[in-house]
Asks: 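What follows is a single structure, and I will ask about it in a moment.
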Amino acid sequence: MSDVIERSTTAKDWSSDQEVRWCPGCGDYSILKAVQMLMPELGGRTENTVFISGIGCAARFPYYMATYGMHSIHGRAPAVATGLAMARDDLDVWVVGGDGDMLSIGGNHLIHALRRNINLTILMFNNQIYGLTKGQYSPTSEVGKVTKSTPFGSLDQPFNPVSVALGAEATFVARTHDMDRQHMMETLRRAREHRGASFVEIFQNCNVFNDGAYEGITSRSVREEMLIPLEHGQPVRFGADGHRGVVVDAQHGARLVEVADVGEDAILVHDERREDPGMAFMLSRLSTGPHEPTPIGVFRSVERAEYGELSNAQLAQAQERSGAGDLHALLHSRPTWTVD
Amino acid sequence: MADLDQTDAPIELDRVIIRFAGDSGDGMQLTGDRFTSASAVFGNDLATLPEFPAEIRAPAGTLAGVSAFQVHISDHEITTPGDAPNVLVAMNPAALRSELHLMADGSTIIVNTDAFDERNLTKAGYDASPLTDGSLARHTVYEVPMTSLTKDAVAPLGVKPRDAERSKNFFALGLISWMYTRPSEPTLAWIDEKFGSKPQVAAANRAAFTTGHAFGETAELFEHAYSIRPATVPAGTYTNITGNTALAWGLVAAGQLAKLPVFLGSYPITPASDILHELSKHKSFGIRTLQAEDEIAGIGSALGAAFGGHLGVTTTSGPGIALKSETMGLAVSLELPLVIIDVQRGGPSTGLPTKTEQADLLQAMYGRHGECPMPIVAAYTPANCFDAAIEAARIALKFRTPVLLLSDGYLANGSEPWRLPEVSDLPDISVAFATEANHVDAEGNEEFWPYLRDPQTLARPWAVPGTPGLEHRIGGIEKQDGSGNISYDPANHEHMVHLRAEKVAGIATDIPPVEVHGDVDDAELLVVGWGSTWGAIDGAANRCRARGHKVAYAHLVHLNPFPSNLGEVLRRYPRVVVPELNLGQLSRLIRAEYLVDAHTVTKVQGLPFTAGELEAAFLKELGA
Ligand code: SF4
């Protein structure tokens, strides 16, 4: 046992006194529960934890955590969190938002937070719809989506959030879903333990405006055949008894096969620590939407210097070189002359 | 030509206005800057007006590519870069053509004749050379083959002819330095330091400078040199400073005085970028700078840092303010300290990026959705940017509010001697973070209410993450006064809107009354100004007074709230005029607030007022 006596917390310590106001049955509840249950396991302190969000249903998340929190404005949470994480490396800063918040209005901030590798744990609840504004299609909605703003079907190609994050030089990219608390908690634990920016896409059901969007892949009855669990160092196999798997060849990239057809040795062994994000990207392209087998788990987890640390190191170096800043010396640092 | 007696003492002048003009690539800003520095160290009072095109390299030799630097030096206190130059140094025909309209009859023009070839004359739109067609007859023209003299001077150093030409601005600088008996040492020392890593360039620039200097002395072209004595100014240690540097140093000082680390989130934009450049050098003060992905991230990150207990700052110009306005609204709602700096430029849209204007006042005042009051502070001279930055930070910290600090392109790039303050004389602007619960719930449990206010300032407690027991959530949704919980209650919203307005209005009790200068007791005309027009207003008002008119003038540093005595001051005088580099924004505010018939004098040419322009306008107001 460690000789440091830390008061341990329970999930209750992490829930605020505010009444949760998502629609009954919303997938956000199970994500909140998973996070509140995970926090005591992580051993953090409520006062050192901050949740920052933008706007949208998901963005109400901070109000329900008994931590410090800021419900900011649409799309800007990664920017606000970047300032906070740079200023205060002693804090555990989380960012929570939806697909519209993070990939539409706030897309720019998301990709820059990822490329900087600032120490944030970013959770993107993907429900493929705008909930809070009552049901317009989102940047992750499938082509042809009929909504109030697209009565004849949406026209734009959706983003694949994992592909976007990988393209944005993210060092940690993962995917999980709201129907599997264990998987969620495990994925979020990994994300939180990663030093740098970690991005987790969470498939989340909006039972009011896009009910059942992920049913075809996440419901208990189909999950085994439709979700491809990625585990570091393990062959990428899924389905009953792992009868299906992923192979990669120069001609066709990553594709799904029957293991029996190619032999076990031909199956790709997942390596989340590959420097080159190419393989993770290929895996992210296996599925074009929640209607075909889709990989979940950690796609990529690599080490790269964290931005806040680098920035603090520059401050420390400057102070080492020239001592702590001296205002009098600064004011007299340019040519001066004296009048008597 | 008269015999030149080298022992002749230079003729003493009380002041001179020199304008250096050339192609963007000719190094005129540097030349002006060096002349200014040498004059500053010599002890003259001075004011400068750099003017350069928005393009980094507009086509060489064209009017669009002309870059100019005006400097006014004197042996007495001056406040403007001067109305009309006494001397123009024109490095090419385009520079002559674009600047000639500024030159009064009898003024001096020094041209680089080597640049007056047919090609350059055509590019500048001249059919015939102005040097021979008699069009400069009303000026004293000195023709100096600067390029070839420079080439000859640097040839022995083995410099390639193309590179040799680049040193011609140092020839011009040497010549003008001789003409106005500037000490050479500071410039030579500067050349050695600046070009230390390129010894050949340093040697070429040195040679060009000394050749220019010697040319003035020996060429028998100039009758004599001039001198301008040091100005009599209050005792102290001085440095020459631009507004942007003073502003950056003010932010460094604000962090020290507040005992808080400074965080700057900023996106590059003309003419504000130099503040980002300057602050990013001062890491030994613990200053963090983030060059953000856009203007919104600039202010967003600064707000995040403010939530974490840092002095959050963002710097930009008018277009950036427009982009930041939603986050400013959030900061007003969160009631966190934040300093937002707008170095104004000509608008709307990209407008005139390198030129000055004061047209963002109403944007600063009203440019957000909802009832969203923010204090506004405006700097009025380059050196004053230092104090203005500290004042903006002071208000932000004390009242837990975002504060807008307005500078402009003229202050940003212009420079003046600044009597350095003693650090011990600067104000303590530190505030305390909340550390303890401030409320007891119905069951007798201690809790923290983030919106429980200080009854005096109406500021809410600043409880930073990391403080045990004070965990709280804040956001842009309207909140219950006190508890800070989300509230959609109509009466509470109205209460909060009033509270936020009262908090900002209450700052009036915390700022000094506006001072009136000039004929305080019996003026026929009160001039009210703000920002960078101060120098021209001061000059013009005093000229009117010298003509026997009774004029008073007041300059506003605080534009929201106004100083508490402003209404009384406005009503004290029969006539009020407000000069502004916009279409009358302050006068509109004054009329609305005080029902005073404030007249306007406006100018929107991307240039500051000259004292002469304002003098004429004031005389008109006076019916003289
Ligand atoms: S609208 Fe959809 S996402 Fe929003 S709370 Fe309701 S169910 Fe959840």
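Residue numbering restarts at 1 for every chain, and letters A, B, ... go by the order of the sequence lines.
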Asks: Side chain, backbone, both or neither: which part of P186(B) has an atom under 4.5 Å from a heavy atom of chain A?
Replies: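 Neither part, no heavy atoms under 4.5 Å.
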Asks: Using non-hydrogen atoms and a 4.5 Å limit, figure out which bit of W418(B) sits close to chain A: side chain, backbone, both or neither.
Replies: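 When you check distances to chain A, only side chain atoms of W418(B) fall under 4.5 Å.
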Asks: Tell me, for S424(B) versus chain A, whether the close heavy atoms (under 4.5 Å) come from the side chain, the backbone, both or neither.
Replies: neither
Asks: With R288(B) as the cation and F263(B) as the aromatic partner, state whether NZ or CZ is under 6.0 Å from the six-membered ring centre and within 45° of the axis.
Replies: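 That pair does not qualify as a cation-pi contact.
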Asks: Between P261(B) and chain A, which part of the residue has a heavy atom less than 4.5 Å away: side chain, backbone, both or neither?
Replies: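 Neither part, no heavy atoms under 4.5 Å.
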Asks: Between S284(B), P230(B), G298(B), G300(B), which residue shows the highest count of heavy-atom pairs closer than 4.5 Å to chain A?
Replies: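 Option with the greatest count: S284(B).
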Asks: Return yes when atom CD of E77(B) has more than 12 non-hydrogen atoms of other residues, nucleotides or ligands closer than 6.0 Å, and no otherwise.
Replies: no
Asks: Looking at L303(B), L334(B), I486(B), T327(B), which one has more heavy-atom pairs under 4.5 Å with chain A than the rest?
Replies: I486(B)
Asks: Check this for me: F285(B), atom CZ, are more than 12 non-hydrogen atoms of other residues, nucleotides or ligands nearer than 6.0 Å?
Replies: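 Yes, because the 6.0 Å sphere around CZ of F285(B) holds more than 12 heavy atoms from other groups.
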Asks: Sort Y238(B) into side chain, backbone, both or neither according to what part of it lies under 4.5 angstrom from a heavy atom of chain A.
Replies: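 The answer is both parts of Y238(B).
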Asks: Centre of F42(B)'s six-membered ring, under 6.0 Å away, within 45 degrees of the axis: is that where NZ or CZ of R182(B) sits?
Replies: yes
Asks: Below 4.5 Å from any heavy atom of chain A, which atoms of A40(B) appear? Answer side chain, backbone, both or neither.
Replies: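 Its backbone and side chain both get close to chain A.
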Asks: For a quick check under 3.5 Å, do K479(B) and S333(B) share a side-chain donor-acceptor pair by atom type?
Replies: yes
Asks: Looking at H74(A), M65(A), Q317(A), E320(A), which has the largest count of heavy-atom pairs under 4.5 Å with chain B?
Replies: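 Highest number of pairs under 4.5 Å: M65(A).
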Asks: For V41(B), is it the side chain, the backbone, both or neither that has a heavy atom under 4.5 Å from a heavy atom of chain A?
Replies: both
Asks: Is there a donor-acceptor pair closer than 3.5 Å between any side-chain N or O of E306(A) and the backbone N or O of N119(A)?
Replies: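 Yes, the answer is positive, given that a donor and an acceptor are paired below the 3.5 Å cut-off.
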Asks: Is the number of heavy atoms from other residues, nucleotides or ligands within 6.0 Å of OH (Y64(A)) greater than 12?
Replies: yes
Asks: I'd like to verify something: which residue of V252(B), T289(B), T245(B), D294(B) has the highest number of heavy-atom pairs under 4.5 Å with chain A?
Replies: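 Result: the option with the highest number of such pairs is D294(B).
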Asks: Under a 4.5 Å heavy-atom cut-off, does chain A meet the side chain of P450(B), its backbone, both or neither?
Replies: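 Neither part.
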Asks: Out of S53(A), A87(A), A318(A), return the one with the most heavy atom pairs under 4.5 angstrom to chain B.
Replies: A87(A)
Asks: Does a side chain donor of either Q480(B) or N485(B) reach within less than 3.5 Å of an acceptor in the other side chain?
Replies: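 Distance-only check fails for Q480(B) and N485(B).
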Asks: Please look at Q256(B) and chain A and tell me whether the side chain, the backbone, both or neither of the residue comes under 4.5 angstrom of a heavy atom of that chain.
Replies: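 Side chain only.
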Asks: Please state whether the side chain, the backbone, both or neither of H472(B) comes within less than 4.5 Å of a heavy atom of chain A.
Replies: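 Interface part for H472(B): both.
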Asks: Need one label for I287(B): side chain, backbone, both or neither, based on atoms under 4.5 Å from any heavy atom in chain A.
Replies: backbone
Asks: What residue in L330(A), D340(A), V50(A) has the most heavy-atom pairs under 4.5 Å with chain B?
Replies: L330(A)
Asks: Considering only heavy atoms, which portion of I474(B) lies under 4.5 Å from any heavy atom of chain A: side chain, backbone, both, or neither?
Replies: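 Backbone plus side chain of I474(B), per the 4.5 Å heavy-atom cut-off to chain A.
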Asks: Minimum heavy-atom separation for A434(B) and F448(B), please, with both atom names.
Replies: CB-CE1, 4.2 Å
Asks: Quick one: pull up CD1 in I55(A) and OH in Y130(A) and give me the separation to the nearest 0.5 Å.
Replies: 12.5 Å
Asks: Which bit of Y307(A) is near chain B, if near means a heavy-atom gap under 4.5 Å: side chain, backbone, both or neither?
Replies: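 When you check distances to chain B, only side chain atoms of Y307(A) fall under 4.5 Å.
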Asks: Tell me which one of D99(A), N127(A), D101(A) satisfies side chain to side chain donor-acceptor pair (under 3.5 Å) with S138(A).
Replies: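 By the side chain to side chain donor-acceptor pair (under 3.5 Å) criterion, S138(A) pairs with just one of D99(A), N127(A), D101(A): D99(A).
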